[in-house]
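Here's the structure, in structure tokens; my notes come after.
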Number of protein chains: 2
Amino acid sequence: MQKQPTIRDVAQAAGVSVAVVSRVLNPGSGPVAAATRSRVNDVMKTLGYHPRTAARELKFGPPTTLGLLLADVSNPFFARLADQVVQEAHARGIQVLLMTTQEDDQLESERLATLIERRVSGIIATPTGNNLAIWKQLQDLGTEVVFVDRSIPSLPEVDVVSIDNFESARSATALLAAHGHRRIGIISGPAASTTGRDRIAGYRQALETAGLEQDELLIRHAAFRGPAGGDAASALLNIEEPPTALVVANTAQVTEVLRRLSHAGIDIPGTLSVIVFDDSPWTELMTPALTIVRQPIDLLARHSVQLALSNTQGKRSGKPNVIRVAAELVERSSVARLQFSK
Amino acid sequence: MQKQPTIRDVAQAAGVSVAVVSRVLNPGSGPVAAATRSRVNDVMKTLGYHPRTAARELKFGPPTTLGLLLADVSNPFFARLADQVVQEAHARGIQVLLMTTQEDDQLESERLATLIERRVSGIIATPTGNNLAIWKQLQDLGTEVVFVDRSIPSLPEVDVVSIDNFESARSATALLAAHGHRRIGIISGPAASTTGRDRIAGYRQALETAGLEQDELLIRHAAFRGPAGGDAASALLNIEEPPTALVVANTAQVTEVLRRLSHAGIDIPGTLSVIVFDDSPWTELMTPALTIVRQPIDLLARHSVQLALSNTQGKRSGKPNVIRVAAELVERSSVARLQFSK
DNA sequence: TTGTAGGCGTTATCAA
DNA sequence: TTGATAACGCCTACAA
């Protein structure tokens, strides 16, 4: 284990001053004779010298680091988001510090503290919904905060990138109605989440347009984690007049709900038609292939990174950026056309 | 956008010296009067002071950061690994810098360069197989390198954490043989990868034990990315005497292979029995539920983090740590018992 | 119990 | 074209 050479070691070995080495390191920061440059470069190579990021960061402001604070990377949706964010960031030469909250606000606040201490230039996050004071502080500190997928209603001044939740749920519901379904259930995120609220609103709108009765029993909110989604599904199937179609509008709960339906021996789409918010590759492999709402994860990632980086130059003046990208309804085979309806 | 207060601002506002503030910040580093401590704490709070990690890292050696270098986080296997690694690391108060290579050695070398400049204390990686010199340099620099899931044969001095690939493939193949299958195909990772080689070896061993003939046509290597897996599956089905059972031993290719089988209208397990290396939740949801080899991702993560962190205290002396955890064969419904065999 | 001063590795300013 | 030197923010002997 050799000890790391510093810029001074390089300077000494090359017979120049540290200033010259620094200039070689940062082309354009000053003149260096061609001969000197190549000599210094050689020395750096033989010594195995690498400039130390920590020292650089100390001197300048925000480092080239982005914080990515997700609920949970084992969820394929977040995983793919993370993948895209990382790629997008790397393409711009910046690094990603990945943190997870497990939907726990206590953990979230700890992670945020770390992020503050590291002086990351931006944070892309799926907020739990609490820690309002910290989010505000972050913005005051000049950190660019971007909420992705969800947001916090009481923090309207934060940038948001998400799909058009209202329209996505509306069109999914409308498709079911158009297939003759009269009793359409929906499982969505927590009532407190913007995502959940918007999707429910779109659902209601579709029912209204189709002239269908709204039954609160058919609307279920499920927490992002845990068995809530499965429980909601079971509950829905056990009401007096159960739904013939179901929209699973909570990405985090799709697998859980499907597992429950499968165990209950529900025939899809014979007994129950299903549309899910999740475009994981396996939705196509199931029997029947699932009709899905596809979220353009690449766009979500690209816009998030862009916002998290661009605004850094303290614009923090006008309104926050709210970017809504369109989701795509992909029809496959999990929706049945109802012949007879009461 | 307020400018960030420094330790000096806090000291001044509290009417003490920076040394005192520093001691408050790092309990145990020196005595502070209780009254002074609380006063300083108050000031820190009102000023919104946060010590700057970059400055701390500059003073001490390796920072509290780990590099996680994966091929691709959109692959559920890696995603769940990342999730666990992050949790494991956070539990120890250390952060994770996530980078991806897309199986591209050029990208890998760039990522490694950044990791070197950041002086991360350890790196957990799924190596592409190249960049040998850099990996060596990393170790010489005192960075703890841990390969997870795969390794590089020509770098035997690097720690490795993986499942027992030989045994996993052996038992999966043996199960098929026990069910009466005589023509068993296998799709595995690149021949150059340790993972692929070990799994093929286990497969051969099982065939030998069962007294079955080995046919090189039944052995296919597929690159980690791209359509290779699907092509291999198609090729297998088109040989003169196609297999009645298939082991998909390349986690990265499972979805691709299944998609191809599905599109080809192959009946599982009627026409083809299947065992896959992938314990994603959806393997249970498919029809039929897939028989799988379950990788204990949590153990892989825990051991990796542990190795990446523990050895930091320059032990670099004895042999490298090689940890093999057992994988579990989970029987479900994708393997048929053959009644008549030639 | 508290304060002073020097150094961590790098870049930038200003002379030479 | 190059070199000396002062920051950047924090920690830590060593003094007071």
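In what follows, every chain begins at residue 1, and chains take the letters A, B, ... in the order their sequences are listed. The structure displayed is predicted, hence computed values, not measured ones.
- The CD atom of Gln95(A) sits 11.0 Å away from atom CG of Leu98(B), with the distance rounded to the nearest 0.5 Å.
- Taking the side-chain contact (heavy atoms from CB on, under 4.5 Å) definition, one finds that Thr195(A) meets it with Arg150(A), Asn165(A), Ser193(A), Arg199(A), sequence neighbours left out.
- Listed by chain and number, the residues in a side-chain contact (heavy atoms from CB on, under 4.5 Å) with Val325(A) are Ile163(A), Pro296(A), Leu299(A), Leu300(A), His303(A), Ile323(A) (sequence neighbours excluded).
- Contact footprint of chain B on DNA chain C: nucleotides with an atom under 4.0 Å from a non-hydrogen protein atom, first to last in 5' to 3' order, dT1(C) to dG9(C).
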Indicate every side-chain donor-acceptor pair of residues 16-36 of chain A with a distance under 3.5 Å to a residue at least two apart or in another chain.
from	atom 1	to	atom 2	distance (Å)
Ser17(A)	OG	Ala19(A)	N	3.3
Ser29(A)	OG	Asn26(A)	O	2.7

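- For Arg23(A) and dT1(D), the CZ to C1' distance is 8 Å, given to the nearest whole Å.
- What you find for Tyr49(A) and Ile7(A) is that their closest heavy atoms are CE1-N, 3.6 Å.
- Side-chain contact, Ser162(B) with Arg324(B): a donor N or O sits under 3.5 Å from an acceptor N or O.
- Sorted by first then second residue, the salt bridge (charged side-chain N to carboxylate O under 4.0 Å, His left out) pairs that include residues 9-22 of chain B, not counting sequence neighbours, number zero.
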Can you pull every protein N or O that's under 3.5 Å from an N or O on nucleotides 5-9 of chain D?
from	atom 1	to	atom 2	distance (Å)
dA7(D)	N3	Lys59(A)	NZ	2.9

Atom pairs and distances, donor-acceptor, side-chain atoms in residues 64-83 of chain B, under 3.5 Å, two or more places apart:
from	atom 1	to	atom 2	distance (Å)
Thr64(B)	OG1	Arg118(A)	NH2	3.4
Thr65(B)	OG1	Arg118(A)	NH1	3.4
Thr65(B)	OG1	Arg118(A)	NH2	2.9
Asp72(B)	OD1	Ser74(B)	N	2.8
Asp72(B)	OD1	Ser74(B)	OG	2.7
Asp72(B)	OD2	Ser74(B)	OG	3.4
Asp72(B)	OD2	Arg225(B)	NH1	3.1
Asn75(B)	OD1	Phe77(B)	N	2.8
Arg80(B)	NH1	Asp279(B)	O	3.4
Arg80(B)	NH1	Asp279(B)	OD1	3.0
Asp83(B)	OD1	Val73(A)	N	2.9
Asp83(B)	OD2	Gln87(B)	NE2	3.2

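- The side-chain hydrogen bond (donor to acceptor under 3.5 Å, both in side chains) search around Thr194(A) returns Ser151(A), not counting sequence neighbours.
- From one end of the helix from dT1(C)-dA16(D) to dA16(C)-dT1(D) to the other, with five pairs defining each end axis, the axis direction shifts by 40° (rounded to 10°).
- Minimum heavy-atom separation, Ala308(A) to Val146(A): N-CG2, 3.6 Å.
- Screening residues 128-137 of chain B for side-chain hydrogen bond (donor to acceptor under 3.5 Å, both in side chains) gives His50(A)-Gln137(B), Asp105(B)-Asn130(B), Glu108(B)-Thr128(B), Glu108(B)-Asn131(B) as the qualifying pairs, with residues at least two apart or on separate chains.
- Near-neighbour residues of DNA chain D inside residues 27-40 of chain A, defined by a heavy atom below 4.0 Å, number-ordered: Pro31(A), Val32(A), Ala33(A), Thr36(A).
- Sequence neighbours left out, the pairs with a member in residues 88-100 of chain A that pass salt bridge (charged side-chain N to carboxylate O under 4.0 Å, His left out) are Glu88(A)-Arg92(A), Glu88(A)-Arg302(A).
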